[in-house]
Amino acid sequence: MSFFLTVPGPLDLKATLESGQVFRWEQADGWYWGVIGAHGYALRQGEGGLLVRTGAPSEARAKEALAGFLRLDDDFEGVCREMGRDQRLREALARYPGLRLLRQEPWECLVSFMCSQVSNIPRISQNLRAIAQAHGEAVEMDGRRLYRFPGPERLTEAGAEGLRRLGLGFRAEYVALAAREAAEGRLDLMALREAPYQEAKERLMALRGVGEKVADCALVFSLDKLEAFPLDRWVRRALAEWYGQGEKARYGEALAWAQARWGGRCGYVQQYLFHYRRMVGT
DNA sequence: GGTGCACCTGTTAC
DNA sequence: AGTAACAGGTGCA
């Protein structure tokens with residue numbers, strides 16, 4: 001099935017899918033291929049929206065899934081107007097209009113950022129593809145084989161050793177432990193969507209291998225906590241160079257500074273600072 | 001509570 | 001081509 005998805009406001013598909021939020025969307029034949037929920041999708045930039053091909057059962061269901069994934073329920077243009085009051089963000093917005101935050105599936109998102117520590121984007125992608133290919137359910141679409149991300153039960157079976165063989169290194173143990181907690185019902189990620197920021201963050205940080213930064217990534221990219229502000233090397237560099245903040249400031253202090261300044265826009269601001277600073281180069 | 005080191009291994013930089 | 005530093009942090013002494 002194929003159709004056109006009208007999107008209000010700017011949407012830059014490439015920047016959105018390649019700005020380090022998601023790691024498994026791949027470009028081929030001029031389309032971006034990936035899985036949302038149980039179905040395969042191919043997306044392509046269009047004027048005023050996206051060209052969509054999908055194996056989803058109905059157009060209505062596909063549109064609903066895409067609206068959720070792309071966070072079309074956010075007032076993106078309103079957020080941009082507010083961000084535009086800041087000099088640096090205005091530059092970033094001019095350069096990358098339509099860079100969106102995504103609403104990912106929490107389990108894959110958590111695993112993604114557990115895998116991200118002291119790694120790099122090519123390797124993170126490789127790790128996640130290896131996990132999906134080895135343990136995920138295949139989804140056929142238009143002659144391509146895509147994979148769903150395996151659930152906690154399956155990754156519990158795979159175990160730390162199995163994950164290590166896929167190249168996760170020391171992160172394998174962390175993922176295996178989190179998988180077990182989720183599979184046994186001690187970790188309910190979906191429930192954290194309803195919990196307040198601080199409470200959800202504390203639950204995540206109780207997991208081995210999840211510190212403040214990884215927790216904030218899971219919170220902002222999958223658990224609807226747009227006040228989260230993941231502070232990685234790039235964002236710290238941006239705050240130091242552009243806002244006179246100490247690059248070595250304690251996480252909590254830098255976070256408080258950002259939240260006081262940007263409030264519920266922190267998620268979007270972080271994404272723009274990260275992407276812009278990374279594109280500017282070292 | 002803060003500091004310094006180890007952790008797997010693919011990329012990247014000489 | 002080969003080698004060393006570095007990479008979207010975190011746990012632990």
Side-chain angles (χ1 to χ4, degrees), chain A residues 15-26 92 96 99 101-102 104 106 108-134 155 158-179 181 187 201-223 225 228-242 245-256 258 266-282:
Chain A
T16 300
L17 295 178
E18 295 181 6
S19 55
Q21 306 180 64
V22 287
F23 302 92
R24 290 200 308 127
W25 282 80
E26 52 186 324
Y96 304 101
L99 170 60
L101 273 185
L102 297 169
Q104 301 178 43
E108 176 168 357
C109 186
L110 177 62
V111 173
S112 298
F113 288 96
M114 282 179 139
C115 289
S116 75
Q117 55 185 271
V118 273
S119 188
N120 48 64
I121 291 182
R123 183 180 178 190
I124 301 164
S125 299
Q126 176 176 289
N127 290 162
L128 294 168
R129 290 209 179 103
I131 293 172
Q133 191 165 341
L155 292 191
E161 277 316 304
L163 292 168
R164 203 170 258 267
R165 280 196 296 276
L166 297 176
L168 301 214
F170 63 84
R171 306 157 193 87
E173 181 72 22
Y174 300 155
V175 173
L177 285 168
E181 289 206 30
L187 170 66
K201 185 166 183 175
E202 282 164 19
R203 176 63 192 94
L204 292 176
M205 288 178 62
L207 297 165
R208 259 182 90 85
V210 179
E212 285 208 74
K213 191 274 176 183
V214 169
D216 273 333
C217 285
L219 290 165
V220 74
F221 296 134
S222 73
L223 297 175
K225 304 295 183 280
F229 190 79
L231 278 153
D232 56 43
R233 294 170 134 91
W234 292 104
V235 172
R236 280 178 179 277
R237 230 170 273 176
L239 292 186
E241 293 172 12
W242 299 339
Q245 299 295 300
E247 193 157 349
K248 292 184 184 166
R250 279 198 300 280
Y251 194 101
E253 287 176 6
L255 173 61
C266 274
Y268 279 98
V269 169
Q270 182 274 160
Q271 197 56 26
Y272 268 94
L273 291 179
F274 174 76
H275 189 59
Y276 189 31
R277 185 61 189 78
R278 205 161 66 94
M279 293 297 116
V280 169
T282 57

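Letters A, B, ... mirror the listed sequences (proteins, then strands); counts begin at 1.
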Any protein N or O atoms within reach of nucleotides 6-10 of chain B? Criterion: under 3.5 Å, listing atom names and distances.
from: B:dC8; atom 1: OP1; to: A:Arg164; atom 2: NH2; distance (Å): 3.4
from: B:dC8; atom 1: O5'; to: A:Arg164; atom 2: NH1; distance (Å): 3.3
from: B:dC8; atom 1: O4'; to: A:Phe170; atom 2: N; distance (Å): 3.3
from: B:dC8; atom 1: O2; to: A:Arg123; atom 2: NH1; distance (Å): 3.2
from: B:dC8; atom 1: O2; to: A:Arg123; atom 2: NH2; distance (Å): 3.0
from: B:dC8; atom 1: O2; to: A:Arg171; atom 2: NH1; distance (Å): 2.7
from: B:dC8; atom 1: N3; to: A:Arg171; atom 2: NH2; distance (Å): 3.2
from: B:dT9; atom 1: O4'; to: A:Arg123; atom 2: NH2; distance (Å): 3.0
from: B:dT9; atom 1: O2; to: A:Arg123; atom 2: NH1; distance (Å): 2.8

Distance check, P atoms only: C:dC6 and B:dC5, in whole angstrom units.
14 Å
Expressed in whole Å, how much space separates the P atoms belonging to B:dT12 and C:dG9?
16 Å
May I ask you to say what A:Gln271 touches in the nucleic acid, namely base, sugar-phosphate or nothing, with a heavy-atom cut-off under 4.0 Å?
nothing
Does anything in residues 206-216 of chain A reach DNA chain C, meaning a heavy atom under 4.0 Å, and if so which residues?
A:Leu207, A:Arg208, A:Gly209, A:Val210, A:Gly211, A:Glu212, A:Lys213, A:Val214
Report which part of the nucleic acid A:Ile121 touches: base, sugar-phosphate, or nothing (heavy-atom distance under 4.0 Å, all strands).
base
How close or far is atom P of C:dT10 from atom CD of A:Glu173, stated in whole angstroms?
17 Å
Rounding to a whole Å, what distance do you find between A:Met205:CE and C:dG9:P?
15 Å
Separation of the P atoms in C:dT10 and B:dT11, to the nearest angstrom
22 Å
With sequence neighbours left out, the residues meeting side-chain hydrogen bond (donor to acceptor under 3.5 Å, both in side chains) with A:Arg165 are none
Listed by chain and number, what are the side-chain hydrogen bond (donor to acceptor under 3.5 Å, both in side chains) partners of A:Lys201, not counting sequence neighbours?
A:Tyr197, A:Glu212, A:Asp216
Rounding to a whole Å, what distance do you find between A:Leu110:CG and C:dT10:P?
11 Å
Using a 3.5 Å limit on both distances, find every run of at least three consecutive Watson-Crick or G-U pairs that involves DNA chain C.
B:3-7 with C:9-13, B:9-14 with C:2-7
Supply the atom-to-atom distance A:Met279 CE to A:Ser19 OG, rounded to the nearest 0.5 angstrom.
8.5 Å
Excluding sequence neighbours, so at least two apart, what forms side-chain hydrogen bond (donor to acceptor under 3.5 Å, both in side chains) with A:Arg24?
A:Glu108
State the SG-CD distance between A:Cys109 and A:Gln21, to the nearest 0.5 angstrom.
9.0 Å
Kindly say whether the aromatic ring centers of A:Phe113 and A:Phe23 come within a distance under 6.0 Å.
yes
CG (A:Leu17) and CG (A:Leu102) are apart, to the nearest 0.5 Å, by 6.5 Å
Atom CD in A:Gln126, atom CD1 in A:Ile131: separation rounded to 0.5 Å?
11.0 Å
According to salt bridge (charged side-chain N to carboxylate O under 4.0 Å, His left out), who are the partners of A:Glu18, at least two apart in sequence or on a separate chain?
A:Lys14
Grab the CZ-P distance between A:Arg277 and C:dA7 for me, whole Å please.
12 Å
Going by the rule ring pair (Phe, Tyr, Trp, His ring centres under 6.0 Å), which residues pair with A:Tyr174 if we only count those two or more places apart in sequence or in a different chain?
none
Inter-residue atom distance A:Leu166.CG - A:Arg171.CZ, 0.5 Å rounding:
13.0 Å
Rounded off to whole Å, could you give me the CH2-to-P distance for the A:Trp234 and C:dG9 pair?
11 Å
Checking all strands, does A:Ser19 fall into the base, sugar-phosphate, or nothing category for heavy-atom contacts under 4.0 angstrom?
base
What's the CZ-C1' distance between A:Phe113 and C:dA7, to the nearest Å?
15 Å
Mind calculating the distance between NZ (A:Lys248) and P (C:dG9) to the nearest angstrom?
15 Å
Between the protein and nucleotides 2-5 of chain B, which nitrogen or oxygen pairs come in under 3.5 angstrom?
from: B:dG2; atom 1: OP1; to: A:Arg250; atom 2: NE; distance (Å): 3.1
from: B:dG2; atom 1: OP1; to: A:Arg250; atom 2: NH1; distance (Å): 2.9

Partners of A:Tyr272 by ring pair (Phe, Tyr, Trp, His ring centres under 6.0 Å), sequence neighbours excluded?
none
side-chain hydrogen bond (donor to acceptor under 3.5 Å, both in side chains) partners for A:Gln245, two or more places apart:
none
For A:Arg236, what residues pass the side-chain contact (heavy atoms from CB on, under 4.5 Å) criterion, not counting sequence neighbours?
A:Leu231, A:Glu247, A:Tyr251
